[in-house]
Structures are given as C-alpha cells and as structure tokens.
Amino acid sequence: FKRRMRTKGKIVGKTITKNGNITLKIEKDGETQSYTVIKSHKERFALAEKLQAGEMVSAEGIPRFRIIICTRIKTLDNAKD
C-alpha cells in the first residue's frame, strides 16, 4: 500500500455507520482523524465495540475516498501518554 495513516491518541467519539461499521474519532494535539472499522474484520471490529471515549489507542489505516479504513488498532496504556 502506498500510504498508511498512523495516529496515536485519545478516542473522542464513536459512532455506527448506516451499514453497521464503526467510526472512531481519534484526537492528537488538537487534530481529529476518523477511522472506520469494517464489520467484516472480526477481530478489529470486536475490539472497536469494546472501546469507549477517553481511551488511548494506536490506529493505522489506508485512506480511501473520504474515509480512512482501519487496518490495525490496539489500546495503549494511559501511563505512556
């Protein structure tokens, strides 16, 4: 893949799209990025369902038309801030 977007930050919003996918809004240094977790990606989708606003995560994704499709996500220890 040519370009990968990576973000480490705090979840400020979590919504479910009309197709049942999950969109996570992740903020770092005042900048917010939206990552979409596709429901067919079972492990990532299960983790995204458990996440709540305020948790620290690391996300990586591929930019597509108007969205970033999440390819990797993991929770971070708050102490590492």
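A quick note: this is a predicted structure, and the numbers were derived from the prediction, not measured.
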**Prompt:** Atom CD in E49, atom NZ in K39: separation rounded to 0.5 Å?
**Reply:** 11.0 Å
**Message:** Is the shortest side-chain heavy-atom distance between Q52 and I11 below 4.5 Å?
**Reply:** no
**Fill in**
Between I26 and A59 the two heavy atoms that sit nearest each other are CD1-CB, 3.7 Å
**Item:** Backbone of K28 reached by a side-chain donor or acceptor of E31 within 3.5 Å
**Value:** no
**Message:** Same cluster or not: F45 versus I68, using hydrophobic residues (I, L, V, M, F, W, Y) connected whenever any side-chain heavy atoms lie under 4.5 Å apart?
**Reply:** yes
**Prompt:** Got I38 and I69 here, is their nearest side-chain heavy-atom distance under 4.5 Å?
**Reply:** yes
**Item:** Pairwise side-chain contact, M5 with Q33, heavy-atom cut-off 4.5 Å (strictly under)
**Value:** yes
**Prompt:** Any sub-3.5 Å donor-acceptor pair from K10's side-chain atoms to A53's backbone N or O?
**Reply:** no
**Message:** Is the shortest side-chain heavy-atom distance between L51 and I73 below 4.5 Å?
**Reply:** yes
**Request:** Show your reasoning for whether side chain to side chain contact (heavy atoms under 4.5 Å, CB included) applies to K8 and L76.
**Result:** CA-CA 8 Å; K8 286 184 183 179; L76 299 175; 4.2 Å; yes
**Message:** Quick check: do L47 and T75 have side-chain heavy atoms less than 4.5 Å from each other?
**Reply:** yes
**Asked** Does any donor atom in the side chain of T23 or Y35 lie under 3.5 Å from an acceptor atom in the other side chain?
**Response** no
**Prompt:** Which heavy atom in K25 sits nearest to a heavy atom in S34, and how many Å separate them?
**Reply:** NZ-OG, 3.2 Å
**Request:** Would you kindly say whether T32 and E27 are connected by a side-chain donor-acceptor distance under 3.5 Å?
**Result:** no
**Asked** Where the side chain of N21 meets the backbone of T36, is there a donor-acceptor pair that is under 3.5 Å apart?
**Response** no
**Complete:** Only one of R4, R44, K74 passes salt bridge (charged side-chain N to carboxylate O under 4.0 Å, His left out) with E60, and that residue is R4
